[in-house]
Amino acid sequence: MRRKINWFKYASPVSFYPLAGRMVPWCAAAAIILTVAGLYVGLFLAPPDYRQGDVYRIIFIHVPSAWMSMFIYAVMALYAVATLTLRTRLSSMMIEALAPTGALFTFIALWTGAFWGRPTWGAWWVWDARLTSELILLFIYFGYFALHGALGRDARADRASAVLVLVGVINLPIIYYSVVWWNTLHQGASVSLTSAPKMAYLMLTGMFLMSLAAWMYSITVSLVRVRCLIRQREPRVREREKAAWTQ
Amino acid sequence: MDAIVQFFEMGGYALYVWGAYGMTFALVGIEIAWLVWRSRRSRHQRVRGTEQRRPVRPQWRRQP
């Protein structure tokens with residue numbers, strides 16, 4: 001007799017809570033190791049750029065944070081689809097857990113970009129397509145915070161916030177293709193899945209390590225945050241924790 | 001010593017490189033600190049009102 005797989009086992013906040021707790025230390029350790037390795041490669045091993053000198057090293061923060069700002073939003077959008085179709089409570093909690101880190105990376109991408117643009121382009125800011133659409137992404141994150149904060153925490157509020165997240169997802173391909181569709185100051189893609197990179201090997205390694213580091217960091221922080229949210233909202237988890245911690 | 005000074009100068013771009021890295025680590029530090037505070041607060045709200053305050057490492061077990 002074949003046992004049925006329960007695909008939705010971890011869709012329950014109460015089941016997901018201990019799983020998330022077990023994942024946090026591993027993801028945190030990975031984040032720390034990858035950050036140290038990435039910074040070592042980026043700041044010490046990678047050679048200076050022949051044109052930009054050492055200021056290009058901002059790339060090791062700028063590119064990973066820009067990627068994460070978009071990737072986290074894409075994950076939020078997937079959870080938004082789950083919230084609206086499957087109506088799982090945990091999905092909207094995950095959106096709430098991911099959003100602050102996504103907004104943080106968006107701001108970091110904009111800030112580090114400005115600090116890179118000033119010495120290389122001569123301007124802290126230009127209204128070019130990529131910069132502007134990334135700024136709009138930050139505003140969309142703020143819009144999510146505002147809406148979610150204003151509506152409270154019931155199921156309808158979760159669904160409304162999920163709709164906002166989905167509406168904003170159109171911005172992601174705009175950011176990504178902005179350097180192709182428009183005449184932009186921001187450079188085009190140097191890394192592609194299909195062709196050889198136009199970048200020195202060590203620089204690529206540093207970027208890759210820092211991207212993985214940012215990814216593991218985001219996972220760690222989001223899992224800790226969703227555990228806080230689950231603790232706040234699920235009485236069964238609160239009761240169990242209370243019993244476990246006061247033996 | 002010279003190499004360390006050169007590292008911090010970043011070829012004359014120290015303001016930009018460390019301005020970028022500095023803000024990043026400051027914000028990440030703030031996020032982590034805020035999360036630790038929030039995590040502790042949501043935990044201690046639970047044990048409030050019970051006699052034993054010293055936390056015991058729980059063995060997470062599913063309810064039978």
Side-chain angles (χ1 to χ4, degrees), chain A residues 14-15 17-19 21-22 28 35 39 42-44 48-49 52-62 64-65 100-101 104-105 107-109 111-120 214 217 220-222 224-225 227-232 236-247, chain B:
Chain A
V14 179
S15 308
Y17 185 82
L19 173 65
R22 286 194 299 273
T35 303
L39 287 177
L43 292 174
F44 295 100
D49 184 69
Q52 292 187 25
D54 283 303
V55 80
Y56 89 96
R57 295 187 196 276
I58 295 177
I59 200 177
F60 300 112
I61 306 258
H62 178 73
S65 57
T101 308
L104 175 75
F105 278 122
F107 179 80
I108 288 176
W111 177 275
T112 55
F115 271 68
W116 196 3
R118 177 71 183 116
T120 52
Y217 168 80
T220 309
V221 162
S222 307
V224 173
R225 203 174 278 127
R227 275 170 57 92
C228 289
L229 290 171
I230 293 173
R231 248 181 255 138
Q232 283 169 4
R236 280 165 66 192
V237 170
R238 275 208 301 278
E239 289 308 307
R240 268 197 231 178
E241 286 275 303
K242 190 173 179 178
W245 278 74
T246 59
Q247 279 160 11
Chain B
M1 191 59 208
D2 214 26
I4 298 178
V5 169
Q6 268 184 0
F7 174 77
F8 280 108
E9 276 178 358
M10 279 287 156
Y13 293 112
L15 166 72
Y16 304 105
V17 174
W18 301 122
Y21 276 77
M23 173 60 88
T24 303
F25 288 118
L27 289 177
V28 165
I30 290 172
E31 180 174 47
I32 294 175
W34 179 48
L35 205 50
V36 166
W37 172 79
R38 184 175 176 180
S39 186
R40 290 225 177 101
R41 196 171 72 119
S42 75
R43 251 187 225 288
H44 289 156
Q45 271 173 354
R46 290 194 325 273
V47 304
R48 197 167 51 202
T50 63
E51 299 95 57
Q52 197 194 48
R53 288 209 54 93
R54 215 185 132 75
V56 173
R57 213 70 188 102
Q59 207 41 34
W60 183 268
R61 214 175 278 116
R62 285 185 70 105
Q63 292 282 14

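The analysis underlying the following values was restricted to heavy atoms, covering all of them including side chains, and did not include hydrogens, waters or symmetry mates. To find a chain, count down the sequence lines: A is the first, B the second, and so on, and within it residues start at 1.
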Chain B contact via [X] - which portion, at a heavy-atom distance below 4.5 Å:
X         : value
Leu43(A)  : both
Ile58(A)  : both
Phe105(A) : neither
Thr220(A) : neither

Residue, of Ala14(B), Ala20(B), Gly11(B), Gly12(B), that accumulates the most heavy atom pairs under 4.5 Å with chain A: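 Going by pairs under 4.5 Å, I would pick Ala20(B).
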
Pick whichever of Gly53(A), Cys228(A), Pro119(A) has the most heavy-atom pairs under 4.5 Å with chain B.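 The candidate making the most pairs under 4.5 Å is Pro119(A).
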
Heavy-atom closest pair, residues Val221(A) and Leu35(B):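 Here Val221(A) and Leu35(B) meet closest at O-CD2, 3.5 Å.
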
For the [atom1] atom of [X] and the [atom2] atom of [Y], what is their distance to the nearest 0.5 Å?
X         : Y         : atom1 : atom2 : result
Ile108(A) : Thr24(B)  : CD1   : OG1   : 4.5 Å
Arg57(A)  : Tyr13(B)  : CZ    : OH    : 12.5 Å
Gln6(B)   : Asp54(A)  : CD    : CG    : 9.0 Å
Arg38(B)  : Gln232(A) : CZ    : CD    : 5.0 Å

Aromatic ring pairing Phe44(A)/Phe7(B), orientation class (parallel under 30°, perpendicular over 60°, tilted between):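 Ring orientation of Phe44(A) relative to Phe7(B): parallel.
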
Could you look at Val36(B) and say if it's the side chain, the backbone, both or neither that has a heavy atom under 4.5 Å from chain A?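 Neither part.
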
